[in-house]
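Position 1 is the first residue of the sequence; numbering continues from there.
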Amino acid sequence: MMSWGEAPFSDEVAPAIHDRIMHACLTLGDHALMGTDATEQHPYDPVKGACVVINIPDTDEAERVFRALSEGGDVTMPMEEIFWARRFGMTTDRYGVPWMINCGREDWQ
């Protein structure tokens, strides 16, 4: 992660956002999910009508990611076995982002 205050141009951004994240990367296997904190020029507007979905082939890793995203958030559907997945769960993280974590079955792709 890099904060706005750590950026080479930090003297050009408001001191109030120096502690906010300018660049973050969450690596999940071969995939990267990138993000940034909101600023006054680009204020945060909660996600509406969609979820971020992550398919994780390993059940232990799926459970770990679900627990991490659920911490301080709201679990909509606990991780459990379901007809299309060895594990599936839904949560909204502490920032209001809705997530679906899926650990599919080999015979249901």
So how far is it from [X] [atom1] to [Y] [atom2], rounded to the nearest 0.5 Å?
X   : Y    : atom1 : atom2 : result
R87 : I101 : CZ    : CD1   : 13.5 Å
M22 : W4   : CE    : CH2   : 6.0 Å
I21 : M1   : CD1   : CE    : 4.5 Å

Taking the side chain as every heavy atom from C-beta outward, state whether [X] and [Y] have any pair of such atoms under 4.5 Å apart.
X    : Y   : result
M90  : F88 : yes
C103 : T59 : yes
W99  : T92 : no

(request) Compare every heavy atom of G104 with every heavy atom of R86, then report the nearest pair and how far apart it is. (result) NE-O, 3.1 Å
(message) Minimum heavy-atom separation for M34 and C25, please, with both atom names.
(response) SD-SG, 3.6 Å
(request) Return the set of residues passing side-chain hydrogen bond (donor to acceptor under 3.5 Å, both in side chains) with R67 (not counting sequence neighbours), or none when no residue passes. (result) none
Name the atoms and distances for all side-chain donor-acceptor pairs under 3.5 Å in residues 70-80, with sequence neighbours left out.
unit_1: S70; atom_1: OG; unit_2: F66; atom_2: O; d: 2.8
unit_1: S70; atom_1: OG; unit_2: T91; atom_2: OG1; d: 3.1

(request) Please answer whether the main-chain N or O of F9 pairs with a side-chain N or O of E12 as donor and acceptor at a distance below 3.5 Å. (result)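 Not confirmed, E12 side chain does not pair with F9 backbone.
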(message) Determine whether a donor-acceptor pair (N or O, by modelled atom type, separation under 3.5 Å) exists between the side chain of R94 and the backbone of L69.
(response)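 Between the backbone of L69 and the side chain of R94 there is no qualifying donor-acceptor contact (under 3.5 Å).
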(request) Start with the C-alpha gap between Y44 and D37, add the side-chain angles, then the distance that decides, and say whether side-chain contact (heavy atoms from CB on, under 4.5 Å) holds. (result) CA-CA 8 Å; Y44 176 70; D37 279 334; over 6 Å; no
(message) Using the rule given for salt bridge (charged side-chain N to carboxylate O under 4.0 Å, His left out), can you reason through R105 versus E81, listing the C-alpha separation, both sets of side-chain angles and the distance that settles it, and then say yes or no?
(response) CA-CA 10 Å; R105 298 182 186 278; E81 188 171 345; 2.6 Å; yes
(request) Apply side-chain contact (heavy atoms from CB on, under 4.5 Å) to the pair S10 and H18, showing each step before the final yes or no. (result) CA-CA 7 Å; S10 63; H18 278 199; 4.3 Å; yes
(message) How about CG on D58, more than 12 heavy atoms from neighbouring residues, nucleotides or ligands closer than 6.0 Å, or not?
(response)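 Enclosed: over 12 neighbouring heavy atoms sit under 6.0 Å from CG of D58.
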(request) For the residue pair N102 and W84, confirm or rule out a side-chain donor-acceptor distance under 3.5 Å. (result)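 Side-chain D/A pair, N102 to W84: present.
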Going only through I, L, V, M, F, W and Y residues with side-chain contacts under 4.5 Å, is there a path from [X] to [Y]?
X   : Y   : value
L26 : V65 : yes
Y95 : V47 : no
V53 : F83 : yes

